[in-house]
Amino acid sequence: MTRQLKPAATAALGLAIALSSIASADTVLRASHQFPGGQGDVRDEMVQMMARHVAEADVGLTMQVYPGQSLFRANEQWGALVRGRLDLTLLPLDYASGRHPEFSATLMPGLVRNHEHAKRLNDSEYMEMIHAVIEEGGARVLADTWLSGGFASSEQCITSPDTVRGQNIRAAGPAFEQMLQAAGASIASMPSSEVYTAMQTGVLDAANTSSMSFISFRLYEQVECLTEPGDFALWFMYEPVLISDQVWQGLNEEQQAALMEAGKAAEEFFSAEAAAIDQQMVEVYEENGIEVVRMSEEDYNAWLEIARETSYKNFAENVPNGQAIIDAALAVE
């Protein structure tokens with residue numbers, strides 16, 4: 001015997017089918033990043049916030065977020081993005097410096113002094129130059145974000161340059177690698193998502209990465225000492241939200257506007273959270289019994305002296321427009 005649906009149930013079923021059809025007609029954008037999902041990492045929260053904003057805009061656009069390298073590996077994201085295989089990503093831009101060496105200026109020792117300075121850089125000629133390289137490469141920026149960071153070691157606290165001598169360290173990008181190698185460290189290159197395993201297996205003695213990554217990747221389980229950013233933050237990294245230009249060109253004006261508005265809201269959210277992340281990192285590490293230290297001004301200046309003779313010099317001499325990019329950043333007070 002066939003069961004007859006009541007009129008109300010029939011109407012509800014029809015509405016559900018209609019809504020499903022509308023949803024299926026949306027353009028679906030896949031957004032990828034390497035950071036843990038649903039665990040409080042502010043970068044994941046940024047992208048999830050953008051997905052909600054886009055959905056609420058009701059412009060026939062849906063964002064599906066794939067955290068934790070579940071869609072593309074960390075170092076694959078830029079290539080996938082500019083070839084149109086990936087729609088959106090949030091990534092440390094210096095990961096793509098092998099393709100565009102100009103991106104090393106977004107992780108240059110001491111170039112960014114603090115979070116307020118990072119905000120000013122976002123509205124400067126320096127950032128216009130970085131954006132131009134991004135766009136020439138096949139992507140567009142939806143949100144500008146900077147994260148400060150520090151050092152952590154299982155061997156000894158890292159403060160002055162001599163404290164890295166003999167340590168195997170992950171440096172995150174060419175500029176830091178050149179500086180650290182000149183100070184006597186051995187270098188291992190890998191994304192932050194691989195640092196925990198490398199420390200666990202003895203491949204690494206130490207690492208520098210962002211304050212957020214120090215928390216979300218639980219590196220306190222593998223180290224004995226953390227060097228927090230403090231008043232002399234040597235390490236700042238640019239981690240923008242990007243969209244493939246191929247994908248962007250295929251969207252209508254309403255959809256493009258919705259994405260830009262979502263990016264602006266996410267950037268404002270991140271900016272309000274950024275400085276607090278540093279203190280959160282300190283608290284998490286102290287709660288887990290990790291020694292926390294800071295660089296002195298003398299330590300910081302000693303590092304900068306090495307950086308100017310290595311990272312800055314190499315960048316200026318070997319990167320197209322390198323000196324002009326550095327000068328534009330240094331011009332921002």
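A donor-acceptor contact closer than 3.5 angstrom links the side chains of S153 and Q167. Q222 and S154 share no donor-acceptor pair across their side chains, judged by distance under 3.5 Å alone.
Under the 6.0 Å cut-off for aromatic ring centres, W146 and H117 do not qualify, their centroids lying 6.0 Å or more apart. Taking the centre of each ring, F103 and W78 come in below the 6.0 Å mark. Checked against the 6.0 Å centroid threshold, Y220 and Y285 count as a close aromatic pair.
The residues E45 and R52 are annotated as not salt-bridged, no charged nitrogen and carboxylate oxygen being separated by less than 4.0 angstrom. A salt bridge between E239 and R43 is present, with a side-chain N of the basic residue lying under 4.0 Å from a carboxylate O of the acidic one. With respect to the salt-bridge test (charged N to carboxylate O, under 4.0 angstrom), the residues E116 and K119 qualify.
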Enumerate donor-acceptor pairs with a distance under 3.5 Å from any side-chain N or O in residues 174-189 to protein atoms, sequence neighbours excluded.
unit_1, atom_1, unit_2, atom_2, d
E177, OE2, S189, OG, 2.5
Q178, OE1, N314, ND2, 3.2

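Classified by interplanar angle (parallel below 30°, tilted 30° to 60°, perpendicular above 60°), the ring pair Y300/F232 is tilted.
In this structure Q256 satisfies the side chain to side chain donor-acceptor pair (under 3.5 Å) test with no other residue, sequence neighbours excluded. Partners of S70 by side chain to side chain donor-acceptor pair (under 3.5 Å), not counting sequence neighbours: none found. The side chain to side chain donor-acceptor pair (under 3.5 Å) check on H53 picks up nothing, with sequence neighbours excluded.
Here disulfide (SG to SG under 2.5 Å) pairs that include residues 167-268, with residues two or more places apart or in two chains, are C157-C225. Each salt bridge (charged side-chain N to carboxylate O under 4.0 Å, His left out) pair with one or both residues in residues 209-225, not counting sequence neighbours, appears once here: R218-E221.
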